[in-house]
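In what follows, chains are A, B, ... by sequence order, proteins preceding strands, each numbered from 1. Just so it is clear, the structure is predicted and the values come from calculations on it, not from any experiment. All values below were derived from every heavy atom in this structure, side-chain atoms included, with hydrogens, water molecules and symmetry-related copies excluded.
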Amino acid sequence: MQTFDTVKAGSLEQVSLKTESISGSEAVLDAFLHEGVTTIFGYPGGAIMPIYDALYDYQDKLEHILVRHEQGAIHAAQGFARTSGKTGVVFATSGPGATNLVTGLADAMIDSTPLVCITGQVFAHLLGTDAFQETDIINITTPITKWNYQITDATEIPTVLAKAFFIACSGRPGPVLIDISKNAQLQKFDYKGYQKCEFIRSYRPKPFVRQEYVEQAADLINKAKKPLVVFGQGVILGKAEKEFQDFIEKAGLPAAWTIMGLSALPSGHPLNVGMLGMHGNYAPNVLTNECDVLIAVGMRFDDRVTGRLDKYAKQAKIIHLDIDPAEIDKNVKTTVSVWGDCKETLPLLIQLLNHNQHPEWLQTFKALEQKEIDACIQNELHPTGEQMTMGEVIDVLNELTEGKAVIVTDVGQHQMVACRYAQFNQSKSNITSGGLGTMGFALPAAIGAKFGAPNQTVIAIMGDGGVQMTIQELGTIMQSQVDVKLLILNNQFLGMVRQWQELFHGKRYSFVDIESPDFVQVAKGYGIPGQRVTARENLKEALKAMLEYKGAYLLEVMVGKENNVFPMVEAGTSVSEIRLK
Amino acid sequence: MQKQEFTITVYTEDQIGLLNRIAIIFSRRKVSIDSINSSPSEIKGIYRFTIVIHETEEMVIKICRQIEKQVDVLKTYYNTSDEIVWQELALYKVPTDEVAEKVQVERLLRENGARAVVIRKDYTVFETTGHREETDALIKVLEPYGLIEFVRSARIAIIKNSNGFHEKLKEFEQLAPGPELVENEYLNKRNEVFDY
């Protein structure tokens, strides 16, 4: 019988001119250097101490940011990965250290963020004995990692780490967790050098592109009278922003975005018709149920985007471009599916497209946009009432940053407002927790985002609820001297839950009236200057002061207590039933 | 879409924890697994899972894509029962004195394609293989004679129109980056690296 257990030379085999004896911990750090890692976010502990001991000698090559909680480490790594386009790296110890990563892993999994998390584990001989600080982190994280693996023998480290980096950042990216027992970290072995992994026989990061489907898709687009493009983060992950712009411009296609796709296309682009979904814009939501061809690019038809599925774009022929075959027909049945990296598939499609414009169809968007401006946008951005709105804060921020800042948002009303109104002129500048909706995400993610994009202004926009979930990371800002701007939009409520309670639970405000500390004083305690603004006339100056300050700065803006975010597609309704008030 | 019986065949690398990864795909969708078998395949180092579920074809397709998406899974197939040849093994334990005394049992066993695996003073174990209804039929036959214990294995199945997994595997291995694509600094120094 023929067997296939041999690995091709030059693919997975390690090759080196010389060997040396090093510890498992040193092999981990050497792998990082070969993978271009510059920054690690982590927190030491007993079971990862050998790696931290080795790190002591690598301080000039690897920057380690000491966070205040492992959840902070992983969200920071997510922020780093999202702004830099590289793989974020995290260290945590076993047991509670490892379980504190769970929220961030789930967040990174659903938002396709490339991470390599290294957790320490108890000695191999103690595995399964309920040893001190032992948890079965591999089984805990199986459904929320793209891949995970436990190492109990140091000789496995170079090949497993190479696989980990390859899996995390290729294809549809995602988090990988590598659990290394303490004995493997300490164990010395003959190190034959590190070789990057470029092929795993049982892993196909990019599906084979089928030209006939590209042709069918092009044919549908060329014949469309009322086409609509809906795009997601796949455009950014595929680094296909230019190809995407060429695509919509050649065929004159109006393009609407999911919040994960935001910043892939400049906000002011004439074909950018706004945000989709629950708190998206009126025109793209309503016209989803009027278009004749819907072209989904690198997005996964999340239920927050589609609303009621049985009433979603039923009239349209649907083309779905996605790198992940499991996404095709998962939620919305497609007419033509083009599997592949949109960096490769979009150019193939562009070649076959006719130059086109759809002036009348685009005019329909304009008309509906005006309706939305009159019903909500005007009031939100230019309120006449005494209380400040979240929207007007974002509007002034736009004016001052010219859409060039990296905006990191937490989860809640402010997130929806920021995504709706913030201007983005550069890709990878919108960092938010899209799929999991993790409160507490923004503060640590902003720290990481600044390390990932050191030359850009990074602004964390948070609610008074979310900031208190990971507020201890002010300590990380203090110690690492990272220049992030912290903007708290304080409505003295858990605003989004309160909005739902108002609209759907008869104003029974059950436990949403949250008290906050004096944020400015808390920041001061961490050596971070700041101020609170309560009057509109001081807003612009205060934002200016925040942006001009060299270093971290906290600005708390008191906004209207019971303002709601509109438009809104209520749960259980169709996107065309979106309400304006 | 009507629910029906599907047999899913999964070829995987030999990887600890993969069974969990695959099982989670079913459990998070609240899909019940009728039977699951995992064993080495005809190719060294490659495992073959056979999973039986009762679901709509649409759900089966989605599940198969999720399984195939897992790193370490080489390929997933799904088939209806008429597209496969399948068997289950069943063991039956009955009191030996009953069997010895009543000759017709032997005939019944022959009629049901069963054979004795163990014969002891106190009990006898029979086995048979076949489809569910065949193994069920023997339970009914043996019950009057004091059936003590019964166990049935998971389904194993051969896909009728499969050419075997060897060819598919060759295809996967051919997708490996060729030497010209491998950014290997030692690539042109093979003589220095390897002792020929």
Apply side chain to side chain contact (heavy atoms under 4.5 Å, CB included) to residues A:Lys330 and B:Arg65 and explain how you reach the verdict. CA-CA 10 Å; A:Lys330 189 179 85 175; B:Arg65 283 185 183 160; over 6 Å; no

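- Looking at B:Val73, only its backbone comes within 4.5 Å of chain A, counting heavy atoms on both sides.
- With sequence neighbours left out, A:Thr135 forms a side chain to side chain donor-acceptor pair (under 3.5 Å) with no residue at all.
- Heavy-atom distances place no part of A:Ile138 under 4.5 Å from chain B, backbone and side chain included.
- Both the backbone and the side chain of A:Asp329 come within contact range of chain B, with heavy atoms under 4.5 Å apart.
- B:Ile46 touches chain A through its side chain: at least one heavy atom from C-beta onward sits under 4.5 Å away, while N, CA, C and O do not.
- No more than 12 heavy atoms of other residues, nucleotides or ligands sit less than 6.0 Å from atom NZ of B:Lys140.
- In this structure, A:Lys146 NZ and B:Lys69 NZ are separated by 8.5 Å, a value rounded to the nearest 0.5 Å.
- Close approach to chain A, defined as a heavy atom under 4.5 Å from one of its heavy atoms, is seen in B:Gln15, B:Asn20, B:Arg21, B:Ile24 of residues 15-40 of chain B, taken by number.
- Summarising the geometry of A:Arg201 relative to B:Phe172, their closest heavy-atom pair is O-CB, 4.0 Å, with the distance given to 0.1 Å.
- One finds the OG atom of A:Ser202 at 11.0 Å from the CD atom of B:Glu68 (value rounded to the nearest 0.5 Å).
- If you run side chain to side chain contact (heavy atoms under 4.5 Å, CB included) between B:Asp72 and each of A:Tyr149, A:Trp147, A:Tyr203, only A:Trp147 comes through.
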